[in-house]
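Working notes, structure below.
Computation of the quantities below employed the complete heavy-atom set of this structure, encompassing side-chain atoms and omitting hydrogens, waters and symmetry-equivalent molecules. First the proteins, then the strands, lettered A, B, ... as listed; each starts at 1.
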Amino acid sequence: MNAPPKKPSREFLKPPVTEVGVLGWLHSNLFNTWYNSLLTVVVLLMLWQLVPPLFGWAFVDSVWNSPAEACRDIEGACWSVIPQNISFIVFGFFPDGHQWRPGIAMLLLLGLVIFSKDSRHWKKSLAVYWLVGLVTMGILMYGGLFGLLVVDTDQWSGLPLTFMLALFGMVAGYPLGVLLALGRRSRMPAIKTLCVVYIEMIRGVPLISLLFMSSVMFPLFLPEGVTFDKVLRAQVAIILFTAAYIAEVVRGGLQAMPRGQFEAAESLGLNYNQTMRLIILPQALKIVIPPSLGILLSTFKDTSLVVIIALYDVLKTTKVTLSNPKWTGFSTEAYIFLAVFYFICCYAMSNYSRKLEKALHTGR
Amino acid sequence: MTSKPSIVADTEYQPSAVPFWRDPDKRAIVFQVVALLLVAFVSYYLFSNTQANLERQSIATGFGFLGKEAGFEIGESLIAYSAADRYVDALLVGALNTIKVSFIGIVFTIVLGTLVGIARLSSNWLVAKLAGSYIELMQNIPVLLQLFFWYAIFYESFPSPRQALNPFAGVFLCNRGLIFAVPETHAAHATMGWAFAAALVIGWGLHRWGNRRQARTGQIFPSIRVSMALCIFLPFLVWVFAGTPTAMDVPELQGFNFKGGVTVSPEFSALLLGLVFYTAAFVAEIVRAGIQSVGRGQVEAAMAIGLLPGQVLHLVILPQALRVIIPPLTSQMLNLTKNSSLAIAIGYADFVAVTNTTINQTGQAIEGVALIMLVYLFFSLSMSLFMNWYNKKMALVER
């Protein structure tokens, strides 16, 4: 800033108060035309009708950690349903006394996710970290090593199940999706047809039908005596479902590659595998990182559908809690809690994906 | 992509000098044969396992079960149905229920989504922020959780019919659903429906005639406004000539429930609310993107040549924005239809729920799941056929 002139030759005329500061902001954002003013007043009136009672219900007349009986004679929200049942809602049927295992596994997952957010960490070592992390989480969950009690997958429930279904749906679905996308762009008619039929069929039906398939049809597919349990079957269904959506996203990335890239690779004498592995996929996959995160987001939301085939994900454990006669009638509170949890996870993901999209938009 | 190396053919080398594993064409054939064999082998393996398993568990195969008596009741139905009817009737009831909730849901979603999308772009800070919060909130909460939430609101927060909320005269809200008064059935209603249909046909004809006249002479005929007026006026005329029947079928409390009026079940209401609020958030983003895709210069140019604000919207913004909006919009409509299968979680008898009951009773899982997939594939394919037709119709004519 320059020093102010010693002798102002004339007085500066200030802008009118209605154009600057709070008043100016109000004027230009809320009351700039007559219908905007009307709209603002109407909306404010509606908020005035709606917000104070809701606020009172949620924060003033509510109880936060009390036995169920104390909830029966209050007007407000009974948030106690969450803290009083938190260990069942989060860990489900995981054996008592061993719940620290899924707890640590989830903390590990959170750590890995936060570590991977920084694009400076995107190196080969990151894949190694993830591999080590996933194996550790698997050992923590399943046990059997280092004297840990074996916990079968049918006892995996609550939040760890939700995360597992979403994460493996994505991790295992991605390679399959890339193969399908390459197949769809292939010049071999038989391969192309197979891939198109698979992708369009999966995308045309609701996830529910695949989950039904996993719960009632997969057992029929296997030879006599071979069974694998419900959680893994649902996981397979989610992987098959996610792969079709990933394939479409990756196809978008492949189509965005200019022809010159293919031609340059060919003129260098690279064969199909080399072209794809060294030239096309690294660039195409980089473009599709943000939409892939979108798929992860919807897979995460979609895992809640396993409720319908009676798997105990976090939504189902909440429902089980609510079916306990002590806690019936407090569904609204419990669902709002879950909604907040899902919202935080999904909003963080979508926000990150938007930022990444800007950061990766390096312009070619 | 690998293209056929034409160099080989141009030189004096004999093509036979290339071993077959180096010839892309032959290699492609080998790959495809291997892939097809693999698929065939896996299918055969699964098929034979299934066959053996079905025999061992003595489960019937084929669609013969469709003709047998279903033996279960369905909560709500658009056509007459009882437990004594056949499975195929039950499935039809389910399919009609799916179509009903999808159709009503799509109409409400488009209206709400468009409103929120426009509000998102409002110059009013408060309105824009509220719309933005709505979009973020709804998009980031699983739709199934939203369905459970609305269902819980109906079942736990609304009073019993005796203490039903009565926000307007003739409308009651309780844990049995939404009950409202409708005009008592009258012979004139059918005629009014025909009058409305006639108004639609006349309006369509007027629109075509108006367009052709405008192309010929440049004169604009307000066909939309005239058609809308006709749609209201013709049925009204019939109503007046029928002696203005005003009798209403008002719901009344009898015992523990309401008699009369029209009842919308809590299951249907919760499903509709959940689907509409969830999908409308996505539609709002599509509408916003569509409107923003029309360049500012277009609007300014339209205003500069003296078009009125309504004309700017109708003649300049909408035709260009719709081209961007319609394709993702149809895919959202399809998503809504597919998500309506979550009805099973809150006990609305849609196609999936009825099929699930059928599977449980007959044990014929394969046929059941195949039916579900076929029905939804039919919806998806008809939607993509429409899309192709629309894209062709709307494609920019390039000069």
Side-chain angles (χ1 to χ4, degrees), chain A residues 25 29-30 32-33 36 39-40 43-44 185-191 194 200-201 203-209 212-213 216-217 219-224 262 266 271-272 275 297 300-305 307-308 315 319 322 328-332 335-336 338-339 342-343 345-347 349-350, chain B residues 1-3 24 28-29 31-33 35-36 39 46 49-50 52-54 56-57 59 122-127 130 136-137 139-146 148-149 151-153 155-157 334 338-342 344-345 352 355-356 359 365-366 368-369 372-373 376-377 379-381 384:
Chain A
W25 183 88
N29 286 301
L30 295 178
N32 48 353
T33 54
N36 259 346
L39 209 57
T40 305
V43 170
L44 280 178
R185 299 265 295 161
S186 162
R187 284 206 188 152
M188 307 177 204
I191 306 253
L194 283 177
E200 291 307 324
M201 206 177 88
R203 279 159 43 90
V205 299
L207 176 56
I208 273 294
S209 60
F212 272 151
M213 210 167 123
V216 294
M217 273 169 78
L220 294 175
F221 286 161
L222 297 172
E224 193 180 349
F262 291 95
E266 257 177 45
N271 65 23
Y272 178 78
T275 310
L297 185 87
F300 181 64
K301 283 191 291 179
D302 282 347
T303 52
S304 58
L305 266 61
V307 170
I308 296 170
L315 185 52
K319 276 185 80 73
L322 292 169
T328 40
F330 304 118
S331 307
T332 318
Y335 290 149
I336 287 178
L338 267 194
Y342 271 109
F343 179 80
C345 292
C346 296
Y347 185 73
M349 255 189 272
S350 64
Chain B
M1 301 299 290
T2 52
S3 71
I29 293 175
F31 275 145
Q32 296 183 63
V33 170
L36 287 177
V39 170
L46 296 181
N49 280 337
T50 312
N53 280 321
L54 288 177
R56 203 159 34 77
Q57 299 174 12
I59 299 174
S122 164
S123 61
N124 188 319
W125 181 85
L126 193 60
V127 172
L130 275 180
E136 284 295 342
L137 192 69
Q139 283 192 342
N140 287 323
I141 298 174
V143 60
L144 185 61
L145 180 57
Q146 297 193 30
F148 282 147
F149 178 81
Y151 195 51
I153 293 270
Y155 258 90
E156 287 174 5
S157 304
L334 202 56
K338 283 194 281 177
N339 280 336
S340 75
S341 61
L342 299 181
I344 188 176
V352 173
T355 314
N356 188 41
I359 291 177
I366 298 177
V369 174
I372 297 178
M373 290 191 159
Y376 280 95
L377 277 179
F379 286 139
S380 309
L381 289 181
S384 52

First locate atom CZ of B:F148, then atom NZ of A:K319, and finally report the distance between them rounded to the nearest 0.5 Å. 4.0 Å

Which portion of A:L207 sits near chain B, non-hydrogen atoms under 4.5 angstrom: neither

Based on non-hydrogen pairs under 4.5 Å, which of B:I372, B:I366, B:I29 is most in contact with chain A? B:I366

Which bit of A:M349 is near chain B, if near means a heavy-atom gap under 4.5 Å: side chain, backbone, both or neither? neither

Report which part of A:L39 has an atom under 4.5 Å of a heavy atom belonging to chain B: side chain, backbone, both, or neither. both

Between B:S380 and chain A, with a heavy-atom cut-off of 4.5 Å, which part of the residue counts as in contact: side chain, backbone, both or neither? side chain

Given 3.5 Å as the limit, does a donor-acceptor pair link the side chain of B:K338 with the main chain of A:R203, or not? yes

What class does the angle between the rings of B:W125 and A:W25 fall in, given that below 30° is parallel, 30 to 60° is tilted and above 60° is perpendicular? perpendicular

Quick one: closest heavy-atom pair of B:V369 and A:S209, and the distance? CG1-O, 3.9 Å

Measure A:L194 against the heavy atoms of chain B and call it side chain, backbone, both or neither at under 4.5 Å. side chain

For the pair B:E156 (side chain) and A:S331 (backbone), establish whether a donor and an acceptor sit closer than 3.5 Å, ignoring hydrogens and angles. yes

So which atom in B:E136 and which in A:S350 form the shortest heavy-atom distance, rounded to 0.1 Å? OE1-OG, 4.3 Å

Between A:F343 and B:L137, what is the shortest heavy-atom contact and its length? CE1-CA, 3.7 Å

Closest non-hydrogen atoms of B:N124 and A:N36, given as atom of the first, atom of the second and distance, are ND2-O, 3.1 Å

Beyond-backbone contact of A:S304 with B:L145, side-chain heavy atoms, under 4.5 angstrom: no

Who wins among B:V143, B:N49, B:V33 for the most heavy-atom pairs under 4.5 Å with chain A? B:N49

Report which part of B:T355 has an atom under 4.5 Å of a heavy atom belonging to chain A: side chain, backbone, both, or neither. neither

Under 4.5 Å heavy-atom distance to chain B, tell me which part of A:F330 shows up: side chain, backbone, both or neither. backbone

Considering all heavy atoms of both residues, which atom of A:F221 and which atom of B:T50 are nearest to each other, and what is their separation? CD2-OG1, 3.3 Å

Between A:P189, A:G204, A:A190, A:P206, who has the most heavy-atom pairs with chain B when the cutoff is under 4.5 Å? A:P206

